[in-house]
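Down below is the structure, laid out as structure tokens.
Everything numeric in this text was worked out from a predicted model, so none of it was measured.
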Amino acid sequence: MKPFLHEDFLLETKTSKQLYHHYAKDMPIFDYHCHLTAKEIAEDRRFSSITDAWLGEDHYKWRVLRANGVTEDYITGPKSEKEKFLKWAETVPELIGNPLYHWTHLELKRCFGIEEELSPETAEHIWEKANERMKQADFSARGIIKHFRVKALCTTDDPVDSLEYHKQINEDSTFDVKVLPTFRPDGALHVNKSTFPEWVSKLEMATGKSVQNFPALLDALSDRVDYFHKVGCRLSDHGLDDAFFQLTNEETCDAIFKKAVHQETVTYEETVQFKTTILLHLGKLYAKKGWVMQFHIGGLRGVNTRMIERIGANTGFDSIADFNYAEDLSKLLNELEKSHHLPKTVLYNLNPRDNYMLATLAGNFQDGNIPGKIQFGTAWWFNDHRDGIENQITALANVGVLSRFIGMLTDSRSLFSYTRHEYFRRILCNIIGKWVENGEYPANMDRLGRIVQDISFYNIASFIEVDW
């Protein structure tokens, strides 16, 4: 029996071990999609305790705490940081088969040098040891980022954001990690939501322009793309949770816009038409700038309205949607392609049933001048466990070109989540190693090592046009 979390964890063959230890392990990280804030990096945030750093905004953990019978006062409520940590220590041993069990212990080991398994019996000792480690000078937001050899990371930012903290980081010569904003204009798409008029007002403040009609909205969004580009942005991101393609004209969108800002009811069909027109406008802008466009598709969000009203959004009450979107996505990409305005694009699905649909759809719009121009994105959210990662890699390999894959991201609000890159790299090396030892691919270690290193870092570093 092998010890838990040994050095060959998840590596089942000799070739897998060689690929991981000699090629993947020490590669730097380009975390091209996360939910860290530039503010905490600019200010080099320090944490009051392991609970503050570890449990404060992690809805992955919150969901399993609730499922284990832990009441909300120990999760997002008023209980002390130590009491919340002890409840997490009670929950972790119950998580057999859940990636959180692995991630928890990888984080303890890599961030704190703690080898013990977290449980009620070890909780007091781990609480004390972890908090002592956090008092050391290098245990700050920037110190943790440097510890994991992160070369660049991309935050997720509303177009109305001032990006003041990104600017502050860019001007600081003592920190050599690229911290790039990502343009996330979901507020512009949500014309049917009560928040739309307020978001338009914020856009007016950000641009210094009046936004009283649809052409003015498009103009303001163009201004913000220009502004974000100057601050280093090279990616956009869009959350698409229902239909998103129905062509219309700007006159119709102008009427829809005016209904929305006057808080009149916008129909489902009007919402789709409005969304389509915004996405096409933005896609053309991204192509001109050389940006990467990301689509995260298939979340069913804010399902538990009682809890959302009580503690707010993005607190762990989302799940996998099951709407069909192959035709919408094909038409959207094709509309941009027809005018030579399709930017480099990454497609992420939340429903695993859509793996082969997205992997094959990406192949329809590849460009001989840009290897892997349209990417089938890494296993996302409810799929970033071992099975989900293996399924995504296998689907891509079966119908695409795996060696051009841009690899893993954290999609996390926690600085400790960089261990997920290790988790992914071990799984990647294990899959490839098994193919080799099954006689499905030659044991050419130079080529295999290059493929692993490309997927780990080099592909994404060249895919995003960063001014290094």
Taking atom CZ of Arg404 as the centre, report whether more than 12 heavy atoms of other residues, nucleotides or ligands fall under 6.0 Å from it. no
So, does Asp31 use its side chain to make a donor-acceptor pair with the main chain of Thr410 at under 3.5 Å? yes
Please step through salt bridge (charged side-chain N to carboxylate O under 4.0 Å, His left out) for the pair Lys338 and Glu335, ending with a clear verdict. CA-CA 5 Å; Lys338 285 193 295 188; Glu335 196 67 24; 3.2 Å; yes
Could you check whether Asp242 and Tyr325, counting side-chain N and O atoms only, form a donor-acceptor pair closer than 3.5 Å? no
Would you mind listing every side-chain hydrogen bond (donor to acceptor under 3.5 Å, both in side chains) that reaches into residues 224-233, with sequence neighbours excluded? Lys167-Tyr227, Asp226-Lys289, His229-Arg234, His229-Trp291
What pair of heavy atoms forms the shortest contact from Trp435 to Ala397, and how long is it? CH2-CB, 3.7 Å
Just checking Phe4 against Tyr101, ring centres under 6.0 Å apart? yes
Here the pair of heavy atoms bringing Leu361 nearest to Phe365 is O-CD1, 3.7 Å
Apply side-chain contact (heavy atoms from CB on, under 4.5 Å) to the pair Trp127 and Ser49, showing each step before the final yes or no. CA-CA 8 Å; Trp127 169 261; Ser49 72; 3.8 Å; yes
Pairing donors with acceptors under 3.5 angstrom, does anything connect the side chains of Thr122 and Glu116? no
Spacing of CG belonging to Leu180 relative to CZ belonging to Phe30, to within rounding of 0.5 Å: 5.5 Å
When rounded to the nearest 0.5 Å, the distance separating CG of Leu189 from CZ of Arg184 is 9.5 Å
Please report the closest heavy-atom contact between Ala395 and Asn355, naming both atoms and the distance. CB-CB, 4.2 Å
Atom NZ of Lys146: over 12 foreign heavy atoms under 6.0 Å: yes
Only counting residues at least two apart or in another chain, list the ones meeting side chain to side chain donor-acceptor pair (under 3.5 Å) with Ser222. His281
Any side-chain donor-acceptor pair under 3.5 Å between Glu94 and Asn68? no
For the residue pair His102 and His385, is the inter-centroid distance of their aromatic rings smaller than 6.0 Å? no
Give, for atom CD of Glu121 and atom NE2 of His125, the distance between the pair rounded to the nearest 0.5 Å. 13.5 Å
Salt-bridge criterion met for Arg301 and Asp318 (N-O under 4.0 Å): no
Could you tell me whether Lys129 atom NZ has more than 12 heavy atoms of other residues or ligands within 6.0 Å of it? yes
Tell me whether the count of non-hydrogen atoms from other residues, nucleotides or ligands lying under 6.0 Å of CD in Glu327 goes above 12. no
Could you check Arg45 against Asp52 for salt bridge (charged side-chain N to carboxylate O under 4.0 Å, His left out), going step by step and ending with a plain yes or no? CA-CA 11 Å; Arg45 179 185 175 187; Asp52 183 26; 2.9 Å; yes
Would you say the side-chain atoms of Glu57 pair up with the backbone N or O of Ser414, donor to acceptor, closer than 3.5 Å? no
Side chains of Asn349 and Trp380: is there a donor and an acceptor less than 3.5 Å apart? no
Calculate, to the nearest 0.5 Å, the distance between atoms CG and CD belonging to Leu235 and Gln294 respectively. 5.0 Å
Is the Lys NZ or Arg CZ of Arg420 less than 6.0 Å from the centre of Tyr60's six-membered ring, within 45° of the axis? yes
Are the aromatic ring centres of Phe457 and His421 under 6.0 angstrom apart? no
Would Arg426 and Asp8 count as a salt bridge (charged side-chain N to carboxylate O under 4.0 Å, His left out) here? Give the steps. CA-CA 9 Å; Arg426 287 177 178 273; Asp8 293 328; 5.6 Å; no
Quick one, Arg450 with Asp446, criterion salt bridge (charged side-chain N to carboxylate O under 4.0 Å, His left out). Give me CA distance, side-chain angles, the key distance, then yes/no. CA-CA 6 Å; Arg450 187 261 301 165; Asp446 289 340; over 6 Å; no
Quick check: are there more than 12 heavy atoms from other residues, nucleotides or ligands sitting under 6.0 Å from NE2 of His6? yes
Are Phe112 and Phe416 close enough that their ring centres sit under 6.0 Å apart? yes
Minimum heavy-atom distance Asp161-Phe228, with the two atoms named: O-CE1, 4.1 Å
